Amino acid sequence: MMSDEQFMQEAIRLAIEGVRAGYGGPFGAVVVKGDEIIGRGQNRVLADKDPTAHAEMVAIREACRQLGHFQLDGCVVYASSEPCPMCLGALYWARPSRIVFGSGREDAARISFDDAFIYEELNHHHGRRHIPTTQMMREEALKAFQLWDDKEDKVRY
């Protein structure tokens with residue numbers, strides 16, 4: 001049986017390989033079910049020209065395809081660095097059993113990957129955020145919520 005250290009080593013290896021290949025930032029991740037890696041990811045923001053192509057997101061997408069499901073029940077996610085707010089949110093939606101990470105957010109901030117401003121923005125009312133955010137057409141938008149609420153065969157997640 002493989003250990004936490006072996007799975008983390010694979011996440012770190014992916015991070016290093018991704019930097020050398022020029023894919024994006026120094027981040028790697030794996031999703032493990034049982035003793036098998038079912039999802040691998042490297043930061044591919046630059047390679048894919050996609051700001052959501054973080055290592056964890058790439059690994060989650062691959063693992064979910066492998067499982068044929070949108071949740072990571074019974075899985076462990078190993079990330080070479082502490083997941084950013086976007087990735088952490090996605091991981092909470094995916095519901096793995098555990099998250100294990102290597103370097104911390106302070107380490108990432110020292111090399112200009114600082115997410116502190118996003119954590120701070122989340123605490124501000126949408127009208128006071130740095131990116132202007134406006135709510136409109138709430139009543140019309142609520143129609144989709146009502147349709148979902150009335151749906152008999154909905155799959156909750």
Side-chain angles (χ1 to χ4, degrees), residues 1-19 21 23-108 113-123 126 129 131 133 135 138 141-157:
M1 189 150 151
M2 290 183 68
S3 66
D4 281 345
E5 289 79 14
Q6 289 170 304
F7 290 125
M8 180 59 75
Q9 185 57 50
E10 177 62 6
I12 294 167
R13 185 193 70 75
L14 288 167
I16 292 168
E17 179 183 274
V19 170
Y23 295 154
F27 306 101
V30 295
V31 178
V32 176
K33 176 101 176 180
D35 199 32
E36 179 185 356
I37 295 175
I38 60 169
R40 285 181 168 80
Q42 296 165 300
N43 182 295
R44 297 191 50 85
V45 169
L46 299 178
D48 295 353
K49 296 170 184 48
D50 177 354
T52 70
H54 289 199
E56 297 91 336
M57 302 294 280
V58 174
I60 290 168
R61 290 172 184 143
E62 182 179 315
C64 287
R65 279 192 297 273
Q66 289 290 324
L67 293 172
H69 199 266
F70 56 87
Q71 291 185 329
L72 300 176
D73 296 328
C75 295
V76 178
V77 177
Y78 297 84
S80 64
S81 188
E82 184 174 357
C84 75
M86 175 184 68
C87 293
L88 187 60
L91 286 164
Y92 269 83
W93 282 115
R95 295 183 176 93
S97 298
R98 219 165 35 110
I99 301 167
V100 181
F101 67 88
S103 60
R105 70 174 82 164
E106 299 82 9
D107 301 312
F113 287 95
D114 190 356
D115 298 325
F117 76 97
I118 297 173
Y119 290 107
E120 291 169 13
E121 285 287 287
L122 293 173
N123 290 322
H126 65 264
R129 293 181 181 159
I131 296 175
T133 306
Q135 183 177 17
R138 179 177 177 267
L142 286 174
K143 292 175 185 171
F145 282 13
Q146 188 61 54
L147 186 62
W148 173 260
D149 197 38
D150 294 342
K151 189 173 171 59
E152 297 281 330
D153 62 344
K154 65 182 158 245
V155 176
R156 295 190 184 274
Y157 57 96

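No experiment lies behind these values; they were computed from the predicted model shown. Index from 1, following the sequence.
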Peer 1: Rounded at 0.5 Å granularity, tell me how far CD in Glu56 sits from CD in Glu82.
Peer 2: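 Rounded to the nearest 0.5 Å, the CD-CD separation comes out at 10.0 Å.
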Peer 1: Give the minimum heavy-atom separation between Lys154 and Trp148, together with the two atoms involved.
Peer 2: NZ-O, 3.0 Å
Peer 1: Can you name the closest pair of heavy atoms from Ser80 and Ala15 and give their distance?
Peer 2: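 In terms of heavy atoms, the two residues are closest at OG-CB, 3.7 Å.
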Peer 1: How close do Arg40 and Val30 get, heavy atom to heavy atom, and via which atoms?
Peer 2: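 Between these two residues, the closest heavy atoms are CG-CG1, 4.0 Å.
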Peer 1: Does the side-chain contact (heavy atoms from CB on, under 4.5 Å) test come out yes or no for Leu67 and Asp73, once each step is laid out?
Peer 2: CA-CA 10 Å; Leu67 293 172; Asp73 296 328; over 6 Å; no
Peer 1: Which atom pair, heavy atoms only, marks the closest approach of Lys33 to Cys75?
Peer 2: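 Closest approach of Lys33 to Cys75, heavy atoms only: CD-SG, 3.5 Å.
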Peer 1: Spell out, as yes or no, whether a donor-acceptor pair under 3.5 Å connects the side chain of Arg129 to the backbone of Glu121.
Peer 2: yes
Peer 1: Given Val32, which partner from the list Val77, Leu72, Val100, Ile37 fulfils the side chain to side chain contact (heavy atoms under 4.5 Å, CB included) test?
Peer 2: Ile37
Peer 1: Rounded at 0.5 Å granularity, tell me how far CD in Gln6 sits from CE in Met1.
Peer 2: 10.5 Å
Peer 1: Rounded to the nearest 0.5 Å, how far does SG of Cys64 lie from CD1 of Ile38?
Peer 2: 7.5 Å
Peer 1: One pair to check against side-chain contact (heavy atoms from CB on, under 4.5 Å): Met86 and Thr52. What are the steps and the verdict?
Peer 2: CA-CA 8 Å; Met86 175 184 68; Thr52 70; 4.0 Å; yes
Peer 1: Testing the basics here: between Tyr119 and Cys84, what is the closest heavy-atom pair and its distance to 0.1 Å?
Peer 2: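 Heavy atoms of Tyr119 and Cys84 come nearest at OH-C, 4.3 Å.
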Peer 1: Go through it in stages, so that I can follow the logic: the residues are Glu10 and Phe7, the test is side-chain contact (heavy atoms from CB on, under 4.5 Å), and I'd like the CA-CA distance, side-chain angles, deciding distance and then a yes or no.
Peer 2: CA-CA 5 Å; Glu10 177 62 6; Phe7 290 125; 5.7 Å; no
Peer 1: Where is the tightest heavy-atom contact between Leu91 and Pro96, given as atom of each residue plus distance?
Peer 2: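 Closest approach of Leu91 to Pro96, heavy atoms only: O-CD, 2.9 Å.
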